[in-house]
Protein chains: 2
Amino acid sequence: MTLDACLSPDLIGHHSLEGRIAVVVDILRATSCMTAGIGSGVSGIRPFENLEECLEMRREEYLIAGERNGSKMDGFDLGNSPYDYMQHHLKGRKIAVTTTNGTVAIERSRQAEEVVIGSFLNLTAVTNYLRQKKKPVLIVCAGWKGKINLEDTLFAGALAERLHPEFELECDAPRVALATYKGMKNNLLDHVMNSSHALRLQRLNISKDISYCLRVDEFDVVPVLVNGEIRPAGVSEV
Amino acid sequence: MTLDACLSPDLIGHHSLEGRIAVVVDILRATSCMTAGIGSGVSGIRPFENLEECLEMRREEYLIAGERNGSKMDGFDLGNSPYDYMQHHLKGRKIAVTTTNGTVAIERSRQAEEVVIGSFLNLTAVTNYLRQKKKPVLIVCAGWKGKINLEDTLFAGALAERLHPEFELECDAPRVALATYKGMKNNLLDHVMNSSHALRLQRLNISKDISYCLRVDEFDVVPVLVNGEIRPAGVSEV
């Protein structure tokens, strides 16, 4: 088995997705929210790049979640805080979501054999899932508007640490991610709080969200993309 | 002053080059060769993406150096080993060179206020030059066919270690590079020898070159791009 990492969605063209499991990661905050939602009983989450298409899902009784540049959008049912996704009344409901970076990374990963949603919140669950599947893995980091970001790279490193050497590191990007994670893992929160993306988000007063998104193994769930919708792995289409 | 890093030339569109000094790096081996050449008395090195344009420089008494996928090209005067560039008879001569990744990175950096050639071989010279210039810096890593590679990322980290905190880290890419360098600097050669790019190159029997390219401060020279040709900084056009 091999493990590779694509640290920006703009580099996806250099990777083959065929026959691979793509683990999409957008720690702040799309894939953390998806993990929290699916882990809290949300039955499906449908990501949209396009705002209008997202809003149309109201007709099908989806709740609408949205964020642009880190802020909740007016008139939406949920924002992009993982806490929004853990509310009791969401159990069994479906959510349509539009986000800045996470949705792009999911869209660009669709050619993969399977798309898995990864975050620190379900790190061990994803690790075990990939070990069982025994397929080549590509970690696809959402980054920030095409640039590499620290928190997604750290997740790639954390997953590489758990899977290597069982999975061979295919290229240098996972080596870089792994070294970064090893150097920072003992004070992950401090490092991420000082990263450029977190500094931007702190202006929006979401340091509570950032802390939560760096918690490890809050949920034993593996959300996967099935027919364009994110659902718990193993649960067939409803 | 600020410092940013672009870990693949394919991400250059996300960076502004205006008013910045671009430090182009292709450790294995283009910018190491350029440093060794200029440091050994070569008077100018002209990089070409296009093979035919490169060959035409023979008419102007340039020596021709070339490499594709790590191998020397037939009929060329020099290959892409730094040792080729340090021969006595090259003193005062000019070289036209075509390489796989390094030339692309130089081409894509031309909008910068100044293009500097960086390598471990001239790390301190480049560091001091940037400190004197007091301008925002973008490190442009050549990578490997658009992907991130370890050795160029490590150079970005080494330069960041020397310039930070005098230069503020602008985005997360230099943070990632710095953490990678800190984790590997005590056994740089082992890590690079196990990187994907070096493993490819070892098939070509160039471990001697790789060792040389990781030596620090062999030359006290800063090659810069002037009218499309690389020359020692401070020397005006001949």
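A note on names: the letters A, B, ... follow the listed sequences, proteins ahead of strands, and every chain is numbered from 1.
Here the closest heavy-atom approach between residue Lys147(A) and residue His14(B) is recorded as CG-CB, 3.7 Å. The two residues Met184(B) and Arg175(A) come nearest to each other via the heavy atoms CE-O, 4.1 Å.
Within residues 209-218 of chain A, no residue has a heavy atom under 4.5 Å from a heavy atom of chain B. Contacts from residues 151-172 of chain A to chain B, taken as heavy-atom pairs separated by less than 4.5 Å, involve Glu151(A), Thr153(A), Glu170(A), Cys171(A), Asp172(A) in sequence order. Contacts between residues 1-12 of chain A and chain B, counted as heavy-atom pairs separated by less than 4.5 Å, involve Asp4(A), Leu7(A), Ser8(A), Asp10(A), Leu11(A).
Neither the backbone nor the side chain of His191(B) comes within less than 4.5 Å of any heavy atom in chain A.
Residues passing the side chain to side chain donor-acceptor pair (under 3.5 Å) test with Ser16(A), sequence neighbours excluded: none.
Considering only heavy-atom pairs separated by less than 4.5 Å from chain A, the leading option among Asn194(B), Asn149(B), Thr180(B) is Thr180(B).
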